[in-house]
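A quick write-up on the structure given underneath.
Model, not experiment: these values are computed from the prediction.
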Amino acid sequence: MPLISVIVPVYNVAQFLPRCVDSILMQSFQDFEVILVDDGSSDESGVLCEQYAKIDSRIRVVHQENRGLSGARNTGIENANSTFLAFIDSDSFVPPYML
(Lines give C-alpha, C1' and ligand atoms only; values in the text may rest on other atoms or scores of the structure.)
Protein backbone atom coordinates (compact mmCIF):
# COMPACT_ATOMS: atom_id res chain seq x y z
CA MET A 1 0.00 0.00 0.00
CA PRO A 2 1.47 3.39 -0.98
CA LEU A 3 1.77 6.13 1.61
CA ILE A 4 0.21 8.83 -0.60
CA SER A 5 -2.50 8.78 -3.28
CA VAL A 6 -2.15 11.66 -5.72
CA ILE A 7 -5.57 12.39 -7.19
CA VAL A 8 -5.73 14.24 -10.49
CA PRO A 9 -9.16 15.15 -11.91
CA VAL A 10 -8.86 15.20 -15.71
CA TYR A 11 -11.27 16.99 -18.03
CA ASN A 12 -10.25 18.09 -21.54
CA VAL A 13 -6.67 18.97 -20.63
CA ALA A 14 -4.72 16.98 -23.21
CA GLN A 15 -2.36 19.88 -23.85
CA PHE A 16 -1.45 20.23 -20.15
CA LEU A 17 -1.64 16.64 -18.89
CA PRO A 18 1.85 15.42 -19.87
CA ARG A 19 3.56 18.24 -17.97
CA CYS A 20 1.37 17.57 -14.93
CA VAL A 21 1.89 13.80 -14.83
CA ASP A 22 5.59 14.03 -15.65
CA SER A 23 6.08 16.43 -12.74
CA ILE A 24 4.36 13.98 -10.40
CA LEU A 25 6.46 11.06 -11.60
CA MET A 26 9.65 13.09 -10.99
CA GLN A 27 9.02 13.37 -7.25
CA SER A 28 11.99 12.74 -4.97
CA PHE A 29 9.61 10.79 -2.70
CA GLN A 30 8.48 7.66 -4.52
CA ASP A 31 5.99 5.84 -2.25
CA PHE A 32 2.84 7.05 -3.97
CA GLU A 33 0.17 6.10 -6.45
CA VAL A 34 -1.44 8.40 -9.02
CA ILE A 35 -5.16 8.20 -9.68
CA LEU A 36 -6.13 9.92 -12.91
CA VAL A 37 -9.88 10.46 -12.96
CA ASP A 38 -11.01 11.06 -16.54
CA ASP A 39 -14.21 13.00 -15.94
CA GLY A 40 -15.86 12.45 -19.31
CA SER A 41 -13.25 14.20 -21.44
CA SER A 42 -14.09 14.70 -25.11
CA ASP A 43 -10.50 15.33 -26.20
CA GLU A 44 -7.52 12.94 -26.06
CA SER A 45 -7.13 13.23 -22.27
CA GLY A 46 -8.52 9.75 -21.59
CA VAL A 47 -6.15 8.18 -24.11
CA LEU A 48 -3.20 9.99 -22.58
CA CYS A 49 -4.21 8.74 -19.14
CA GLU A 50 -4.22 5.15 -20.39
CA GLN A 51 -0.82 5.60 -22.05
CA TYR A 52 0.66 6.80 -18.76
CA ALA A 53 -0.88 3.87 -16.90
CA LYS A 54 0.84 1.47 -19.31
CA ILE A 55 4.28 2.93 -18.67
CA ASP A 56 4.13 3.31 -14.87
CA SER A 57 2.46 0.79 -12.58
CA ARG A 58 1.84 3.47 -9.92
CA ILE A 59 -0.72 5.11 -12.20
CA ARG A 60 -4.35 4.02 -12.26
CA VAL A 61 -7.08 5.49 -14.44
CA VAL A 62 -10.76 5.78 -13.65
CA HIS A 63 -13.11 6.83 -16.45
CA GLN A 64 -16.50 8.26 -15.57
CA GLU A 65 -19.25 10.42 -17.01
CA ASN A 66 -18.77 14.09 -16.30
CA ARG A 67 -19.52 14.82 -12.64
CA GLY A 68 -17.48 18.00 -12.27
CA LEU A 69 -14.36 18.72 -10.27
CA SER A 70 -15.79 17.68 -6.89
CA GLY A 71 -17.25 14.50 -8.36
CA ALA A 72 -13.90 13.58 -9.91
CA ARG A 73 -12.07 14.24 -6.65
CA ASN A 74 -14.60 12.12 -4.75
CA THR A 75 -14.09 9.29 -7.22
CA GLY A 76 -10.36 9.56 -6.64
CA ILE A 77 -10.86 9.39 -2.88
CA GLU A 78 -13.07 6.29 -3.27
CA ASN A 79 -10.31 4.59 -5.28
CA ALA A 80 -7.38 5.60 -3.07
CA ASN A 81 -5.31 2.90 -1.37
CA SER A 82 -3.15 5.00 0.89
CA THR A 83 -2.82 6.69 4.24
CA PHE A 84 -2.63 10.25 2.86
CA LEU A 85 -4.18 12.10 -0.07
CA ALA A 86 -2.78 14.80 -2.33
CA PHE A 87 -4.75 16.70 -4.96
CA ILE A 88 -3.19 18.21 -8.06
CA ASP A 89 -5.06 20.02 -10.81
CA SER A 90 -4.42 18.54 -14.24
CA ASP A 91 -3.38 21.88 -15.73
CA SER A 92 -0.74 22.39 -13.01
CA PHE A 93 2.70 20.99 -12.36
CA VAL A 94 4.56 20.50 -9.11
CA PRO A 95 8.17 20.78 -7.94
CA PRO A 96 10.05 17.51 -7.34
CA TYR A 97 9.92 17.87 -3.55
CA MET A 98 6.16 18.48 -3.20
CA LEU A 99 5.42 15.05 -1.75
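- Within 6.0 Å of atom CD in Glu78, more than 12 heavy atoms from other residues, nucleotides or ligands are found, so the atom counts as buried in its surroundings.
- Side-chain atoms of Ser82 do not come within 3.5 Å of backbone N or O of Pro2 as any donor-acceptor pair.
- A salt bridge links Asp89 with Arg73: the closest approach of a Lys/Arg side-chain nitrogen to an acidic carboxylate oxygen falls below 4.0 angstrom.
- Thr75 and Asn79 get closest at one heavy-atom pair: O-ND2, 2.8 Å.
- For the residue pair Met1 and Thr83, the shortest heavy atom distance occurs at CE-OG1, 4.1 Å.
- In this structure, Leu99 and Val6 have side chains that are in contact, with non-hydrogen atoms separated by less than 4.5 Å.
- Between the side chain of Ser23 and the main chain of Val94, a donor-acceptor pair closer than 3.5 Å is present.
- Ser45 contributes atom OG, which lies 9.5 Å from atom OH of Tyr11 (distance to the nearest 0.5 angstrom).
- A donor-acceptor pair is defined here as one N or O able to donate and one able to accept, closer than 3.5 Å; no such pair exists between the side chain of Ser41 and the backbone of Asp43.
- There is a path of hydrophobic side-chain contacts, each under 4.5 Å, that joins Val13 to Val34.
- The nearest pair of heavy atoms linking Gln30 to Leu25 is NE2-O, 3.9 Å.
- Counting heavy atoms from C-beta on, the side chains of Val62 and Ile35 come closer than 4.5 Å.
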Item checked: Full working for side-chain contact (heavy atoms from CB on, under 4.5 Å) between Val8 and Val21 -> CA-CA 9 Å; Val8 182; Val21 175; 5.7 Å; no
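- Within the 4.5 Å cutoff, the side chain of Ile4 has no heavy atoms near those of the Asp31 side chain.
- A donor-acceptor pair is defined here as one N or O able to donate and one able to accept, closer than 3.5 Å; no such pair exists between the side chain of Glu33 and the backbone of Ser5.
- Put simply, the side chain of Arg60 does not reach to within 4.5 Å of the side chain of Leu36, judged on heavy atoms.
- In this structure, the side chains of Ile24 and Phe93 stay at 4.5 Å or more apart for every pair of heavy atoms.
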Note to self: Under the criterion side-chain contact (heavy atoms from CB on, under 4.5 Å), I'd like the reasoning laid out for Phe32 against Leu3: C-alpha separation, chi angles, the key distance, then a yes or no.
What the structure shows: CA-CA 6 Å; Phe32 65 87; Leu3 186 62; over 6 Å; no
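- The distance from the CD atom of Glu50 to the CD atom of Glu44 is 12.5 Å, given to the nearest 0.5 Å.
- A donor-acceptor contact under 3.5 angstrom links the side chains of Asp39 and Gln64, judged on distance only.
- Taking every heavy atom of both residues into account, Gly46 and His63 meet most closely at O-CE1, 3.8 Å.
- Here SG of Cys49 is found 5.0 Å from CG of Leu17. Values are rounded to the nearest 0.5 Å.
- Rounding to the nearest 0.5 Å gives a distance of 4.0 Å between CD1 of Ile7 and CZ of Phe87.
- The nearest pair of heavy atoms linking Tyr52 to Pro18 is OH-CA, 3.2 Å.
- If you take OG on Ser90 and CD1 on Ile88, they are separated by 10.5 Å, rounding to the nearest 0.5 Å.
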